Structure formats: structure tokens, C-alpha cells
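Notes follow once the structure below has been shown.
What you see is a predicted model, and the numbers here were worked out from it, not measured in a lab. Numbers restart at 1 for each chain; the letters A, B, ... are given by sequence-line order, proteins then strands.
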Amino acid sequence: MLLLAVVVFNFILLSLVPGDIADTLAGESGGASQEVMDDIRRTYGLDRPFHIQLATYVGKVVQGDLGTSYYFNMPVTELILGRVAPTLLLVVTALVLAILIGTLFGVIASRRPNGLFSHFVTVLALVGFAAPVFWTAFLLIVLFVAMLEIMPLSGLVDPTTPRGTLTWYLDVLHHLFLPVLSLSSIYLASYSRLARASMMDVLGSDYIRTARAKGLGETSVTYKHALRNAVIPVITIAGLQFSHIFSGAVVVETVFTWPGLGTLAFESILRGDTPTIMGILFFSAMIVIVVNLLTDLTYRLVDPRIRSARNA
Amino acid sequence: MDAAAPLLEVEDLEVEFRTRQGTARVLDGVALSLQPGRTLGIVGESGCGKSMTALSIMRLVPVPPGRIGAGAVRLKGEDLLQASEKRMREVRGKDISMIFQEPMTSLNPVYSIGDQIAETVRLHEGLSRRDSLDRAIEMLKAVHIPAAERRVREFPHQMSGGMRQRVMIAMALACRPSVLIADEPTTALDVTVQAQVFDLLKELQEKTGTAIILISHDMGAIAEMADRVMVMYAGRIVEEAATDEILESPKHPYTRGLIACVPHMEEEPPPERGALTEIPGVVPALTDLGSGCSFAPRCDHATDLCRSRAPGPFAVGADHRAACWLYDEAGAA
Amino acid sequence: MTDRPTTAPESGPEAVRVERPVVEFLRMYVRNWAAVAGFIVFAAIVFAALFAPVILAVDPFDMVWMPFTPPGQDGYILGTDNLGRDMFTAIVYGARATLVVGGSAAGLTIVIGLTIGSLAGYYRGWVDEVLMRITEFFQVLPPLLLAMVLVALFEPTLPTVAIAIGVVTWTGVARLARAEFMRIRELEFVKAARSIGSRDRRIIWRVILPNALPPLIVNAALTVGIAILFEAALSFLGLSDPNVMSWGKIIGDNRDYLLDAPWTVTIPGVAIFLTVLAVSLIGDGLNDAFNPRLRER
């Protein structure tokens with residue numbers, strides 16, 4: 001349902017744009033006669049009424065046909081599928097790291113709400129929010145690439161490494177380090193603060209008092225009884241913010257020339273390759289929806305209340 | 001009557017809380033003693049220190065703001081206030097258990113009730129996962145939860161308040177503690193469910209011989225359950241006696257007020273009880289207690305003496321004490 | 001009904017009636033030194049933006065000296081960039097684009113979000129259903145990617161950029177406003193207003209909105225910060241007006257020279273960072289001033 005809306009939205013957006021494919025193509029080939037333009041319009045079905053065009057477009061998308069890239073002259077679907085893996089690797093690693101480390105920071109901070117670490121988490125959250133992700137990335141490059149010289153500047157992997165070998169995987173990890181650090185830093189900071197607040201809230205609840213009255217030690221109380229409850233809001237927010245992380249990935253990818261969807265999107269925008277841009281917009285919406293479903297599943301695993309409420 | 005050595009003895013307990021308004025003495029000179037298999041009722045309005053007494057016995061007073069200043073809590077002769085934290089963890093849930101006022105929020109929402117009962121058993125008796133779950137089922141049966149084998153896998157949100165309180169009782173009694181502290185166990189429940197929970201507590205007490213400290217603001221509940229009653233006000237014990245004695249001849253004006261608040265405790269109320277009344281005013285803030293009797297501002301009988309000096313407890317009958325200047329001449333000071 | 005019963009204070013001896021709310025509010029705000037610092041920094045940035053042409057002799061696009069002059073050398077405090085333009089001038093002028101776009105985009109975000117959120121929260125039912133579907137739709141699209149597409153498809157001018165940012169960032173405000181309206185519409189004084197026959201418009205604007213304001217105002221500070229970050233990202237990517245100097249643009253223009261002339265990239269970033277930090281400190285200060293009780297934690 002949502003996806004259909006995205007498709008229709010994409011199409012309407014396209015038709016709102018001044019000029020059409022014929023103009024773009026003609027422009028690239030250095031001007032063309034009216035006849036050629038009309039011919040192109042016929043090929044792309046632009047001479048037909050709006051609703052027919054829309055129906056045709058939706059029908060194609062349903063079959064997995066997102067059109068043809070003007071620039072690469074290949075099916076957009078194919079183009080995108082070739083670029084998805086690096087983006088998912090970057091985004092998912094960053095997200096998982098941000099959730100794990102952020103929650104850990106939050107838990108540690110909540111143990112001493114007025115302690116040094118707790119203040120550190122508060123400051124970290126402010127800094128993480130205020131630092132633009134590309135700036136963080138450049139600072140990390142200055143530190144790790146220029147000064148320490150221990151990290152590669154850009155790309156997914158050293159092209160000379162034979163593909164599929166262990167060295168190849170390690171090299172990908174090596175290249176992954178800085179992009180992931182740049183991207184996850186923002187969310188790590190905000191999840192730390194969130195986890196801290198949520199832990200402090202949970203630690204004050206009645207069932208934690210019950211757990212203590214049972215004779216459980218602080219470790220059990222914190223990590224078994226409190227953490228599982230405290231992590232619920234973190235999962236909620238992470239799910240809600242996934243499209244933001246995806247946005248951040250676009251910037252990070254362009255900084256590190258990471259060969260993923262973000263770089264492709266950015267380059268396609270500069271090239272005016274509209275079918276590719278729309279394809280990426282559609283595809284990223286799909287990824288966000290899938291991730292939201294996964295969030296929902298995680299949610300059910302963690303919180304039995306949701307499980308039975310949805311089953312009922 | 002109470003000749004045997006007490007199971008639990010609290011002496012001269014003092015607890016303070018540091019707040020932004022100053023230091024509040026939430027417990028002042030609280031003492032109690034509990035015999036095996038008996039029930040002690042602690043009664044008073046909210047904020048008078050009943051729950052704090054319970055938490056202090058368990059040593060669960062939150063310690064940065066709070067501080068146990070002085071006193072002793074002796075369980076079978078061992079002073080728990082001097083015990084290590086490790087020893088306290090052994091005591092909690094095994095020797096002394098506690099159930100709380102809010103059954104809706106006192107169980108962890110993300111674990112099944114079976115897991116939560118079994119956890120206590122595994123912790124204190126080192127049973128295997130399987131055996132501890134069997135014990136959980138056994139306990140659920142003991143608290144009369146139907147279809148215990150099935151419900152053991154259910155989660156708190158699937159149960160009613162009364163059921164949850166039964167689960168709390170099952171959890172508290174799973175390791176056969178010698179003392180059960182029940183802090184307002186029925187306040188959040190419907191009246192009919194309240195009676196069921198009290199019947200259950202009585203039944204289990206007869207079976208296991210557990211001593212109970214029942215905390216309530218409801219004189220009616222106390223009258224039904226307790227052998228002895230302690231009345232607390234503003235962190236102090238103001239009157240203490242056997243239940244019948246206190247109901248028949250309450251001495252402290254506060255106790256009389258509490259009893260007068262309860263409608264129809266007896267089938268034929270004695271004429272001198274008069275109409276249902278209320279105690280004027282509210283419990284004072286513990287940070288600005290003066291040197292006098294803390295009940296004086298609300299008391300009809302207050303004199304200048306009451307407002308300047310706090311009364312010590314005076315013996316007013318057989319095993320009956322009241323902290324009120326009215327009884328200064330009546331017994332030895 | 002015109003006075004504002006903010007969230008009912010808990011009973012208890014410390015719940016003191018505040019006599020002059022504005023004075024009390026300022027007192028609480030001033031107590032938070034970080035918030036005061038944030039306000040001072042922000043005020044300085046606004047000042048610089050307003051008086052840029054008065055303070056500075058050159059235009060930010062003028063090539064004034066050798067490219068890549070390091071900061072402090074030859075009298076150029078912050079050095080020069082890849083085209084020999086004065087970095088200091090560029091930074092001061094950049095504050096204008098940042099504030100204009102950030103401010104108007106945040107304004108748009110709040111208008112859209114507040115309208116959708118308040119209608120959904122007040123009317124519930126099918127209105128809520130429809131509006132929340134729309135919100136969900138916008139949540140599914142990666143906001144920056146959509147903003148990039150919008151700017152690229154239409155003209156890359158400052159108004160387009162501001163509108164694009166507004167269109168992609170309003171969902172958070174809408175959710176917050178909806179939650180507040182749903183909470184407040186059930187409170188007694190709203191029922192009272194309804195019982196004396198007040199019309200919906202009056203209830204929404206005069207009764208509920210004033211009570212929903214504190215969290216919305218705090219959120220507005222956050223919204224301004226987010227808008228500034230979006231503007232920076234778009235101009236960094238070259239998707240903004242090429243004829244307007246902005247901090248993101250300086251970084252974007254010089255990114256290829258990062259390793260040779262790092263100041264051309266890091267210094268404008270500091271400007272963005274400080275501005276957003278100042279705005280969020282102001283937000284924190286407002287939050288504390290609205291909820292003095294939270295400070296105890």
C-alpha cells in the first residue's frame with residue numbers, strides 16, 4: 001500500500017518537472033528536430049493521457065521494471081541490485097553498532113546518573129547531534145588517513161585484491177571502518193542518551209524493586225530485568241529513524257566514494273538520470289519498509305505484550 | 001503470651017532522607033517484634049513510614065537519598081543492618097519475602113510468570129530449570145490459580161490484578177520464608193478480590209507457619225488479619241497492642257480517629273462510637289517536624305505540652321502502649 | 001480559559017504557585033549556563049549575518065589572494081580557499097544562507113507538522129487515519145534523498161531548498177503535535193470549554209494549543225538544528241544556489257583538497273557544528289525552564 005503510494009508519488013513528481021525525457025535526451029545529443037522529439041515521446045509513451053501513463057508505470061514497477069537508465073543505458077533494477085550490497089553493509093553495520101554500543105553506554109551511565117560517564121553521555125549526545133556527518137567524516141579522514149596513515153581514503157576494496165579471498169573480505173572491513181564510524185557516531189550518541197533515560201526510568205519501576213526483594217544481585221537486576229525493558233524505546237526509535245540513517249549513508253558514501261546506492265543516487269542527480277533517481281527512491285522506500293517489519297519482529301521477540309496484542 | 005524468642009526484632013530504627021527541602025527523618029525510634037507464625041499489622045495514613053519500615057527490614061531503602069541512621073533489625077538473632085550485601089541477598093526472597101501494593105506493575109512485563117517464580121527458586125535453592133518450573137507450578141496451585149500448568153507460561157499482562165497478586169504471593173512464598181512482609185497487598189484490588197487474597201494469606205500461613213507483617217491503611221483489613229497492631233504516625237509508633245485490645249479501647253487520639261473512620265466494623269457498634277468521622281488535616285511534611293508531638297496540630301486534645309515536647313510511649317494496659325501525654329499520669333513514664 | 005494551566009503541579013508542600021511565570025521562566029533559563037552560552041553564540045552568529053556587508057570589505061566570491069593560504073598568514077585570519085577567496089568573509093556570509101534557509105525551512109516544517117498533527121490529534125477517526133497514512137508515507141522516504149531529488153528536479157534556489165527541507169522533515173513535529181493534542185483534548189478544561197459550546201477552531205487555537213506549546217517550542221529548537229544540518233548537507237553536495245555562499249558549499253568546493261588544505265574543510269564545519277550546538281543548547285535550556293522538576297534528575 002505504502003509502496004504503491006511511493007510509486008504514484010514518484011510518477012506525479014516526474015510529471016511536475018518542467019521538461020521531459022525527450023528534452024533531456026535531445027539536449028544531450030546537442031539539439032534535435034521536432035520529429036525526433038515526437039518519436040522519442042512515442043517510444044516512452046509520453047503522448048498518451050496522464051492516467052494511462054500512470055497505470056503503465058505502476059504496472060511495470062509491479063513487475064520489477066523500473067525503466068531504463070539514460071546514462072548507463074541499462075535496466076534500472078539491474079543497476080540498483082548491483083549497488084545494494086555495499087549500502088546495506090554500511091547502513092546495517094552502522095545501525096547495529098550504534099544500537100549495541102549506544103545501549104551499553106546508556107546502561108553504564110544509568111548506574112551512576114550523576115557520575116562522570118553520565119555527563120560524558122549527555123555531552124556526546126549534544127556533539128553527535130550538532131556535527132554534520134560529512135564534517136565528522138572529513139575529520140576522521142584527517143586523523144586516520146592523513147595523520148595516522150592507517151586507513152584507506154576511499155572505495156570499497158583495493159581493486160588489486162583477488163575477489164572472494166580472505167584478504168578481500170578483510171580489505172573490505174578495512175575500507176568499511178571509517179564510513180561506519182562516521183555514520184554510526186551520530187546515532188550512537190543519540191541512542192546512548194535515550195538508553196540512559198530509559199534505563200533510569202526502568203530502574204525506578206516496581207518490578208525492579210520486586211527483583212531486588214527476591215534477592216537478585218545488581219548484575220541480574222540491571223542486565224536481565226532492566227535492560228530488556230529499557231531497550232524497547234531504543235528499538236522503536238531506531239526503526240523510526242532508519243530512513244534518516246539511510247539519508248546519512250548517501251552523504252557518507254559520497255565522501256568515501258563508497259560504491260553503493262547513495263553514490264549512485266548523487267551521481268544520477270548530477271547527470272539528470274531521472275529513471276535511476278526514481279528507481280532509487282522507490283527502492284530505498286522498500287528497504288525502509290522491510291526494516292520496519294524487522295523492527296516489528298524484534299519488538300515482538302522482546303516484548304510479549306505486543307506479541308499477544310497483535311495475535312488477538 | 002509472646003514468651004517465645006522473637007523471630008524478627010526491630011529496635012530503635014532511624015531512617016533519614018536527604019531532600020532539597022532538608023533532611024527528613026522518615027523513621028524515628030521504630031521498634032517491633034514478631035513471633036513465628038503470627039501476624040503483625042502496621043497501620044497508618046500514607047506517608048507515615050509503614051512502607052519505609054518494610055524496606056528498611058529488607059535493607060532496600062534507596063541509599064543515596066536515604067540513610068539508615070541507627071537501630072538494629074535482628075532475624076533469629078542476626079543483625080541484618082550489620083550483614084554484608086551478599087548475605088542480605090541470601091536473606092531476601094529466602095528468609096524474608098515481600099509483596100507490594102501494585103500487582104499491576106510489580107511483575108516484570110517481559111518475562112513469563114513461571115520464569116519469575118522459578119528464578120527465585122533457582123537463585124536460593126540451586127534447583128535446575130526444570131525442577132524450579134515444577135516448583136513454580138506447585139506454587140501457582142497453592143495460591144489457587146486454575147490451570148497452573150498452562151498459566152505458568154503466561155505473561156503478567158494476560159492476568160487480572162487479583163491473579164497477579166496471587167502470583168506475587170506464590171513468588172514470595174516459593175522458598176518458604178519465615179517472614180512475609182505484605183505492603184498494602186490488597187489496596188489496588190476490588191473488594192471481593194481483597195477478601196480472597198486475605199483468605200489465601202491466612203490459609204498459607206496456617207500451612208507453612210510463616211510470620212506476616214501486614215501493612216495497611218485500612219483498619220478493617222488489619223482487624224481481620226492481625227494478632228497485634230502497631231499504629232504509626234509521621235515516622236513514629238504512636239500506639240501498640242493486641243488487635244482486640246486496640247479495637248475495644250483505643251487510647252491514642254489518632255488511633256481513635258482511624259477506627260472512627262471505618263464504617264461498621266462490628267455488627268452492633270457501641271453507641272459511644274457515634275457517627276462516622278474523619279481526622280481533620282493532613283500528615284505534616286517530615287522536614288518541618290517541630291519538637292512537639294507531630295499529631296498535635298490535628299489533635300482535639302492538644303495542649304501546650306504536646307506542642308513543645310514529644311511524648312514517649314506510656315503503658316496504658318496489659319501489653320498496650322501509647323505515645324500520648326494524655327496517659328502520662330495513667331502509667332509510669 | 002485564557003490563562004494557561006500548564007501540566008498540573010503535583011500536590012505537596014514544594015508545589016509553590018509561581019506568581020510571575022515569565023520572570024520565573026527566565027530565572028530557570030539563566031540558571032543553565034550552557035543554555036546561556038548557546039544563546040550568546042547564537043546571538044553572535046545572527047549579528048554577524050545581519051551586518052556582514054558592514055563588517056567586511058570584500059565579497060565572499062572575490063578572489064583576494066593566493067589560493068590555499070593557511071590561516072593567519074598574510075593577514076588572512078582563516079586563510080583562503082581553492083580559488084583564493086577569503087575564508088573569513090565566506091564564513092561570515094555563510095551564516096546568512098544558513099540562518100535564512102534554516103529558519104524558513106524550520107518555520108515551514110513547524111507549520112506543516114503542527115497543522116497535520118493537531119488536526120489528526122484533535123479530530124481522531126478518519127481524519128487521523130488519513131493524515132497518519134500521509135505521515136507514514138513521508139517517513140518511509142529517506143528525507144535527505146527526497147530533498148536532493150526535489151532540489152534537483154526544480155530550480156536550485158534558496159526558496160526551493162527551504163521548501164524541500166520543510167517537505168521532508170515535518171513528520172516528527174506532526175507526531176509530537178498529534179500526541180500532545182490527543183493527550184490534552186481529554187483533559188477537564190477542554191471538556192469544560194466544549195461543554196460551554198466553544199467551537200472547534202477556538203478550542204484548537206485558544207484552548208489546546210497554548211497548553212501544547214512547551215514541548216513544541218523545545219522541539220522547534222531541534223527542528224531549526226535539523227534544518228541547518230540539511231541545508232549544510234545539500235549545499236555540500238552542490239544542490240543549492242551556486243550564487244550564494246554557504247558553509248556547506250565551502251566544504252563541498254574544497255573537499256578534493258582536504259588532505260592538502262584541511263582548514264578549508266574543517267573550519268566551515270566548525271561553524272555549522274557551533275551553530276547547531278548553540279541551537280540545541282537553547283532547546284535544552286527551554287526544556288529545563290519549562291519543566292523545572294526534571295532538573296532534579
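For A:V255, the parts lying under 4.5 angstrom from a heavy atom of chain C are both the backbone and the side chain. Proximity to chain A is limited to the side chain of C:F236, based on heavy atoms less than 4.5 angstrom apart. Both the backbone and the side chain of C:L146 come within contact range of chain A, judged by heavy atoms closer than 4.5 Å. When heavy atoms are compared at a cutoff of 4.5 Å, A:L139 approaches chain C solely by way of its side chain, counted from C-beta outward. Heavy atoms closer than 4.5 Å to chain A are found nowhere in C:I228, neither backbone nor side chain. Using a 4.5 Å cut-off between heavy atoms, C:V270 touches chain A through backbone and side chain atoms alike. Heavy atoms closer than 4.5 Å to chain A are found in the side chain of C:I251, but not in its backbone. The contact between A:L240 and chain C is made entirely by side chain atoms (from C-beta outward), counting heavy-atom distances below 4.5 Å.
In this structure, A:F120 and A:F117 have tilted ring planes: the angle between them lies in the 30° to 60° band.
Chain C forms more heavy-atom pairs under 4.5 Å with one residue of A:V142, A:I280, A:V127, A:I289 than with any other, namely A:V127. Residue with the most contacts toward chain C among A:F266, A:F242, A:F246: A:F266 (heavy-atom pairs, distance under 4.5 Å). Between chain A and the options C:A278, C:A233, C:A147, C:A34, the largest number of non-hydrogen pairs under 4.5 Å is found for C:A233. Your options are A:V291, A:V288, A:I277, and the one with the most heavy-atom pairs under 4.5 Å with chain C is A:V288.
Defined by atom type and a distance below 3.5 Å, a donor-acceptor pair is missing between the side-chain atoms of A:T263 and A:T254. A donor atom on one side chain and an acceptor atom on the other are found under 3.5 Å apart for A:T87 and A:E253. No side-chain donor-acceptor contact under 3.5 Å links A:R193 and A:T122.
Ion pairing of C:R178 with C:D128 is present here, as a side-chain N (NZ or NE/NH1/NH2) and a carboxylate O approach within less than 4.0 Å.
Aromatic ring centroids of C:F42 and C:F39 lie 6.0 Å or more apart.
Summarising the geometry, atom CG belonging to C:L239 is positioned 6.5 Å from atom CG belonging to A:L270; distances are rounded to the nearest 0.5 Å.
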Item to check | Residues C:T171, C:T135; criterion side chain to side chain donor-acceptor pair (under 3.5 Å); working and verdict | outcome: CA-CA 6 Å; C:T171 53; C:T135 311; over 6 Å; no
